[in-house]
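By convention in this document, chain letters (A, B, ...) are assigned in the order of the sequence lines, proteins followed by strands, and residues within each chain are numbered from 1.
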Amino acid sequence: MPELPEVETVRRGLERWVVGKKFSQVRALHPRVLNPHSIAPLEVLEGARVKSVERRGKFLWFLLNRPETLVAHLGMSGQFLIQPIATGEVRHLRASFMLGSWGRSARQMQFIDQRTFGWLAVDQLQDGIPTLVQHIARDPFDQEFNRKAIIAKIASRKTQIKKALLDQSIMSGVGNIYADESLWRAKIHPESYCEELSNAQIGRVIDKARQVMAQALEVGGTSFDDLYINVNGESGYFERSLAVYGQEGEPCPRCGREIRRIIFANRSSHFCPTCQAR
DNA sequence: CAAACTACCTGACTGC
DNA sequence: TGCAGTCAGGTAGTTT
């Protein structure tokens with residue numbers, strides 16, 4: 001599931017392959033690929049040149065040599081692949097962008113998404129951020145991320161810490177996997193109420209979230225080869241470094257006690273009952 | 001306004 | 001072998 005480290009890995013891969021390229025042909029291939037708020041069909045981007053690829057939290061957008069921007073969200077299963085033009089039928093291909101001019105070395109950027117929770121949109125920029133990303137808070141890697149303000153915001157919430165951590169309008173980038181990992185590292189139970197936690201404890205969760213995502217990004221960054229932009233996040237990191245996510249019944253790497261899984265807010269939460277006592 | 005809930009989606013897996 | 005049921009989960013829209 002693409003969370004911040006996976007989306008940043010995709011952003012870096014895209015940056016390498018599409019910056020400076022022109023979308024010479026654009027095709028939307030599935031009725032739901034276009035976000036309903038898109039101001040135009042994707043095809044209007046034919047002829048646009050990519051200046052940079054930006055990210056906030058789990059949202060990506062392409063700055064173009066035009067006022068409009070192309071926004072992308074990978075949802076649960078979205079992928080971008082850079083491929084040679086003449087490939088056979090691609091399963092779950094939702095949109096394709098031909099890059100540069102036709103020819104033997106021509107490539108295309110494909111948007112592939114099995115579960116169709118991902119989308120693309122043509123959007124306008126408002127203070128440098130697309131309209132569709134305005135409600136998304138800064139992520140912990142943002143230059144202007146305000147740690148103190150985030151602590152205060154979380155502290156005032158009348159809900160449990162894990163829900164606050166997943167709320168993209170407080171701090172963005174964290175999904176279910178890194179939420180569980182951050183809370184384990186900070187030794188805080190996912191169902192702890194925000195108002196019961198000290199500012200130091202909330203600060204610790206935020207710092208651990210940044211730390212675990214930075215480490216995941218390091219691994220993700222090494223796992224893609226030339227033409228393949230890895231977004232499925234299953235390489236390396238998942239197998240080796242997860243302490244609690246998907247580890248129900250396995251020993252806690254810190255204390256050896258069995259990791260537990262509970263259903264909470266319609267999602268699985270994994271934690272160590274000893275290290276993360278309530 | 002904030003919190004909680006639900007729809008959206010398809011492939012993999014489980015149990016009978 | 002088949003089939004129904006369950007699970008995975010990010011976000012937006014709706015309800016409380």
Side-chain angles (χ1 to χ4, degrees), chain A residues 1-11 28-39 55-61 71-80 89-95 111-121 123 129-139 149-150 152-183 190-197 209 213 216 231-234 238-239 242 244-249 260-271:
Chain A
M1 327 302 147
E3 299 180 30
L4 187 152
E6 291 75 32
V7 178
E8 175 60 15
T9 300
V10 172
R11 192 199 65 77
L29 303 165
H30 190 280
R32 278 187 302 274
V33 73
L34 192 71
N35 182 296
H37 296 294
S38 181
I39 59 171
R55 181 189 59 73
R56 172 177 283 188
K58 305 169 197 171
F59 288 73
L60 287 169
W61 65 95
V71 187
H73 196 285
L74 303 176
M76 295 298 302
S77 55
Q79 286 181 289
F80 276 109
E89 196 188 324
V90 180
R91 226 161 127 71
H92 309 306
L93 181 62
R94 307 305 186 202
F111 182 68
I112 295 157
D113 186 18
Q114 180 212 118
R115 284 151 80 177
T116 69
F117 281 8
W119 49 260
L120 302 174
D123 196 7
I129 304 290
T131 309
L132 291 166
V133 189
Q134 292 287 330
H135 64 296
I136 301 300
R138 294 178 191 275
D139 62 61
I150 305 303
K153 210 165 189 179
I154 292 177
S156 70
R157 287 292 167 126
K158 304 261 177 294
T159 187
Q160 298 105 318
I161 182 67
K162 185 172 174 184
K163 288 187 192 170
L165 209 48
L166 291 171
D167 186 336
Q168 306 295 301
S169 70
I170 301 176
M171 165 179 126
S172 66
V174 175
N176 203 41
I177 295 168
Y178 296 114
D180 283 0
E181 294 298 312
S182 308
L183 290 163
E191 291 177 303
S192 304
Y193 277 85
C194 295
E195 46 194 355
E196 295 169 353
L197 297 172
M213 291 195 294
V231 287
N232 80 23
E234 288 170 359
F238 270 63
E239 299 300 324
L242 293 182
V244 286
Y245 186 84
Q247 308 298 311
E248 183 182 18
R260 283 194 54 204
R261 182 173 74 97
I262 55 171
I263 303 299
F264 160 57
N266 292 321
R267 258 164 194 76
S268 284
S269 280
H270 310 76
F271 66 100

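Each end of the helix from dA2(B)-dT16(C) to dC16(B)-dG2(C) gets its own rotation axis from five pairs of C1' atoms, and the angle between them is 50° to the nearest 10 degrees.
Considering all non-hydrogen atoms of both residues, E3(A) and G173(A) come closest at CB-O, 3.8 Å.
Scanning for side-chain hydrogen bond (donor to acceptor under 3.5 Å, both in side chains) contacts around R55(A) gives E8(A), D139(A), with sequence neighbours left out. Every residue two or more places apart in sequence or in another chain that forms a side chain to side chain contact (heavy atoms under 4.5 Å, CB included) with F59(A) is listed here: H73(A), W119(A), V133(A), I136(A). Every residue two or more places apart in sequence or in another chain that forms a side chain to side chain contact (heavy atoms under 4.5 Å, CB included) with A155(A) is listed here: N199(A), I202(A). Judged as a side-chain hydrogen bond (donor to acceptor under 3.5 Å, both in side chains), and not counting sequence neighbours, the contacts of K163(A) are Q160(A). Contacts of R157(A) classified as salt bridge (charged side-chain N to carboxylate O under 4.0 Å, His left out), with partners at least two apart in sequence or in another chain: D167(A). By the salt bridge (charged side-chain N to carboxylate O under 4.0 Å, His left out) test, K162(A) pairs with D180(A), sequence neighbours left out. Every residue two or more places apart in sequence or in another chain that forms a salt bridge (charged side-chain N to carboxylate O under 4.0 Å, His left out) with R261(A) is listed here: E248(A). For L34(A), the side chain to side chain contact (heavy atoms under 4.5 Å, CB included) test picks out S38(A), L42(A), with sequence neighbours left out.
Nucleotides of DNA chain B that come within less than 4.0 Å of any heavy atom of chain A span, from the 5' end to the 3' end, dA3(B) to dG11(B).
Across the interface with DNA chain B, nearest-nucleotide mapping of R157(A) and N266(A) shows R157(A) to be the residue nearer the 5′ end.
For the atom pair CD1 of I112(A) and CG of L74(A), the computed distance is 11.5 Å after rounding to the nearest 0.5 Å.
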Mark up nucleotides 10-16 of chain C, 5' to 3', with B wherever a protein heavy atom is under 4.0 angstrom from a base atom, S wherever such an atom reaches only the sugar-phosphate, and - elsewhere. BBSS---
